[in-house]
Visitor: 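One structure is given below, represented as structure tokens, and several questions about it will come after.
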Amino acid sequence: MKIDYKVLDDKIILNNVESFNPEHIFECGQAFRWYREDDGSYTTIAYKKILNVLLEDENTVILNNTNEEDFKNIWIDYFDLKRDYSIIKNKLKGDTTMEKAIDYGYGIRILNQEPFETMISFIISANNQIPRIRKSIEKISENYGEYLGEYKGKNHYSFPNPSELAKIKPEELREIARVGFRDKRIYDTANIVNNREFNIEEAKNMDSIELRKALMELPGIGPKVADCIMLFSFKRSETFPVDVWIKRVMEELYLHEETKQKEIGIKAREIFGEYAGFAQQYLFYYGRENSIGKK
DNA sequence: TGCCAGGGGTTCA
DNA sequence: TGAACCCCTGGC
């Protein structure tokens, strides 16, 4: 798929983009490190860069604070820009529910995030709340990441790499980042990744069954967290993470009865097939923003 | 004001 | 299968 863009100063201007809305992308639950600015744009930290994303108009997106080299090396893949989302949408629009969800979150794209950061972030997410998860990740970055600079009046830091985080003792993580009982899980997983017992580069080449199994052997990673990591940082778009929100949405809109988590994952793959991961994001955003299934 | 439930699940018995 | 779990916020 051809990408229509031009470079202007420190900006990349994306023209004629379909399916790209920063609000949908960042607030559909896949990422934690973004900040909504006063002008409605989003500033995000990834791959040791500070990037600002503005929806200029219906068909134009501006990537601020970057350059063509980073665009080609990082952001095209990060934003999944080579993928034609109209194909996915057409494939998924088999029922009125999904049609509504897609119309609502039409600008969602699944980001390709950094595996290690994604692993730790979703370990933190267990039995936790989004504002607190974000705070913990921010504290970890501030204290153990690299200073990247200031943007729009705020200092930004990279997420620490495995060798940096592996050094931090559980007690300190708990104290500084307020991660609670997840402290040891983070410490242990960071060390396992750091000493290559779990090798991220090798993991990229595993088939999905093997990868899921390997991830679930890590402390703090169960079925749901493993699925999130696979979908958001290992490009496994057939994966359908089942959290409490998706459980409610699926039960209310598709299954019409109480169903076990594992069963929901299986049914979802039957219904949505190879694009189950995209379906999950559309449903999550639609369901959560509209409080579907909430008692 | 103060108490209590509940949260992007995982782990351990 | 079920209880426990840090911590924090929102609701009463």
Side-chain angles (χ1 to χ4, degrees), chain A residues 24-34 101 105 108 110-111 113 115 117-140 142-143 159 168-193 198 212-234 236 239-253 258-265 268 276-295:
Chain A
H24 298 173
I25 291 171
F26 292 113
E27 302 202 27
C28 70
Q30 59 182 325
F32 299 103
R33 297 206 65 201
W34 48 264
I108 288 175
I110 295 191
L111 298 170
Q113 304 184 66
E117 175 178 338
T118 307
M119 290 164 77
I120 302 299
S121 297
F122 281 93
I123 287 174
I124 294 173
S125 78
N127 190 231
N128 210 340
Q129 298 165 145
I130 291 170
R132 239 192 95 203
I133 300 166
R134 293 171 52 114
K135 230 168 258 174
S136 290
I137 295 169
E138 187 162 329
K139 285 288 175 201
I140 288 174
E142 262 175 41
N143 283 279
F159 191 83
I168 315 305
K169 295 279 179 287
E171 311 80 65
E172 188 179 329
L173 283 171
R174 183 178 288 231
E175 175 71 25
I176 301 272
R178 317 303 291 160
V179 293
F181 60 84
R182 307 164 193 83
D183 57 352
K184 195 167 166 9
R185 299 174 183 178
I186 296 169
Y187 176 80
D188 289 340
T189 292
N191 276 278
I192 291 169
V193 173
F198 180 95
R212 190 166 196 259
K213 189 162 165 280
L215 284 169
M216 284 179 60
E217 281 170 10
L218 299 173
I221 302 183
K224 189 269 178 182
V225 170
D227 285 345
C228 286
I229 295 166
M230 290 174 57
L231 181 58
F232 303 139
S233 65
F234 283 95
R236 310 304 164 113
T239 314
F240 192 92
V242 182
D243 59 44
V244 289
W245 281 101
I246 280 295
K247 185 172 186 301
R248 288 181 197 141
V249 171
M250 286 297 288
E251 284 170 348
E252 176 148 332
L253 302 179
E258 182 140 5
T259 313
K260 289 191 177 135
Q261 304 232 160
K262 191 172 177 184
E263 195 64 23
I264 292 176
F278 296 96
Q280 197 268 7
Q281 288 306 96
Y282 290 123
L283 288 174
F284 181 88
Y285 186 65
Y286 177 65
R288 201 163 70 99
E289 299 286 314
N290 297 292
S291 296
I292 288 173
K294 194 159 169 76
K295 294 155 273 187

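Letters A, B, ... mirror the listed sequences (proteins, then strands); counts begin at 1. Computed from a prediction, not measured in an experiment: that's the story for all the values here. The basis for the numbers below is simple: all heavy atoms, side chains too, and nothing from hydrogens, waters or symmetry mates.
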Visitor: Holding to side chain to side chain contact (heavy atoms under 4.5 Å, CB included), I want the full list of residues that pass it with A:R33, two or more places apart in sequence or in another chain.
Guide: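 So A:R33 forms a side chain to side chain contact (heavy atoms under 4.5 Å, CB included) with A:Y35, A:I45, A:E117, A:I137, A:S141, A:F159.
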Visitor: If you look only at distance, which donor and acceptor atoms sit under 3.5 Å apart when one is on a side chain in residues 215-223 of chain A and the other is two or more places apart or in another chain?
Guide:
none

Visitor: Starting at the 5' end of DNA chain C and moving along, which residue's nearest nucleotide shows up first, A:N127 or A:K135?
Guide: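 The residue whose closest nucleotide sits nearer the 5' end is A:N127.
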Visitor: Suppose we screen for side chain to side chain contact (heavy atoms under 4.5 Å, CB included). Which residues come up paired with A:A101, at least two apart in sequence or across chains?
Guide: A:M98, A:Y282, A:L283, A:Y286
Visitor: Under the rule for side chain to side chain donor-acceptor pair (under 3.5 Å), what residues qualify as partners of A:R134, not counting sequence neighbours?
Guide: none
Visitor: Please report the distance, rounded to the nearest Å, between CZ in A:F122 and C1' in B:dG7.
Guide: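 To the nearest whole Å, that distance equals 15 Å.
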Visitor: How many angstroms lie between CD1 in A:I246 and CD in A:Q281, if you round to the nearest 0.5 Å?
Guide: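 Nearest 0.5 Å value for the CD1-CD distance: 8.0 Å.
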Visitor: Using the ring pair (Phe, Tyr, Trp, His ring centres under 6.0 Å) rule, collect all pairs that involve residues 171-193 of chain A, keeping only residues at least two apart or in two chains.
Guide: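 For residues 171-193 of chain A: none.
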Visitor: Ring pair (Phe, Tyr, Trp, His ring centres under 6.0 Å) with A:F234: which residues, sequence neighbours excluded?
Guide: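 So A:F234 forms no ring pair (Phe, Tyr, Trp, His ring centres under 6.0 Å) with any residue.
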Visitor: Sequence neighbours excluded, which residues qualify as side chain to side chain contact (heavy atoms under 4.5 Å, CB included) partners of A:E172?
Guide: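 Once residues adjacent in sequence are excluded, the partners of A:E172 under the side chain to side chain contact (heavy atoms under 4.5 Å, CB included) criterion are A:Y144, A:I168, A:I176.
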Visitor: Under the ring pair (Phe, Tyr, Trp, His ring centres under 6.0 Å) rule, collect the residues that match up with A:F32, sequence neighbours excluded.
Guide: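 Partners of A:F32 by the ring pair (Phe, Tyr, Trp, His ring centres under 6.0 Å) criterion, ordered by chain and then number, come out as A:F122.
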Visitor: With a non-hydrogen cut-off below 4.0 angstrom, is A:F32 in contact with a base, only sugar-phosphate, or nothing?
Guide: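 The residue A:F32 makes base contact.
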Visitor: With rounding to the closest Å, how many angstrom separate the P atoms on C:dC6 and B:dG2?
Guide: 26 Å
Visitor: Nearest 0.5 angstrom please: A:I110 CD1 to A:L231 CG, how far?
Guide: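 So the gap between those two atoms works out to 4.0 Å.
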Visitor: Between C:dC7 and B:dT1, how far apart are the two P atoms, rounded to whole Å?
Guide: 24 Å
Visitor: Dump the pairs, protein N or O against N or O of nucleotides 11-13 of chain B, anything under 3.5 Å, distances to one decimal.
Guide:
unit_1, atom_1, unit_2, atom_2, d
B:dT11, OP1, A:G220, N, 2.7

Visitor: In whole Å, measure the gap between the C1' atoms of C:dC8 and B:dT11 for me.
Guide: 22 Å
Visitor: About how many Å separate CD of A:E175 and NZ of A:K169, when rounded to the nearest 0.5 Å?
Guide: 16.0 Å
Visitor: Tell me: CE of A:M119 to C1' of B:dG9, nearest whole Å?
Guide: 16 Å
Visitor: Would you mind classifying the nucleic acid contact of A:R132 as base, sugar-phosphate or nothing, using non-hydrogen atoms under 4.0 angstrom?
Guide: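 Touches a base.
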Visitor: I need the A:Q280 CD to A:I108 CD1 distance, nearest 0.5 Å.
Guide: 9.5 Å
Visitor: Treating a pair as Watson-Crick (purine N1 to pyrimidine N3 plus N6-O4 or O6-N4) or G-U wobble (N1-O2 and O6-N3) with both distances under 3.5 Å, list the stems of 3 or more consecutive pairs that involve DNA chain C.
Guide: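 Runs of three or more consecutive pairs: B:2-7 with C:7-12, B:9-13 with C:1-5.
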Visitor: Take the protein atom CD of A:E217 and the nucleotide atom P of B:dT10, then report the distance between them rounded to whole Å.
Guide: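 So the CD-P distance, A:E217 to B:dT10, works out to 15 Å.
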Visitor: Answer with base, sugar-phosphate or nothing: what part of the nucleic acid does A:P223 contact at a heavy-atom distance below 4.0 Å?
Guide: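 Result for A:P223 = sugar-phosphate.
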Visitor: Pick base, sugar-phosphate or nothing for A:Q30, based on heavy-atom distances below 4.0 Å to the nucleic acid.
Guide: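 Result for A:Q30 = base.
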Visitor: Measure CD1/A:I123 against C1'/B:dT10 and give the value in whole Å, please.
Guide: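 Checked: the CD1 to C1' distance equals 10 Å.
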Visitor: Please round to the nearest 0.5 Å and tell me the distance separating atom CG of A:N128 and atom NZ of A:K135.
Guide: 11.0 Å
Visitor: I'd like the 5' and 3' limits of the part of DNA chain C contacted by chain A, with heavy-atom contacts below 4.0 Å.
Guide: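 Reading along DNA chain C, I get C:dC5 to C:dT9.
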Visitor: What's touching nucleotides 4-6 of chain B from the protein side, N or O pairs under 3.5 Å?
Guide:
unit_1, atom_1, unit_2, atom_2, d
B:dG6, N2, A:Q129, OE1, 3.3

Visitor: Specify the separation, in whole Å, of atom CZ of A:R288 and atom C1' of B:dG7.
Guide: 12 Å
Visitor: When rounded to the nearest 0.5 angstrom, what is the spacing between CD in A:Q30 and OG in A:S121?
Guide: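 The OG atom of A:S121 is 12.0 Å from CD of A:Q30, to the nearest 0.5 Å.
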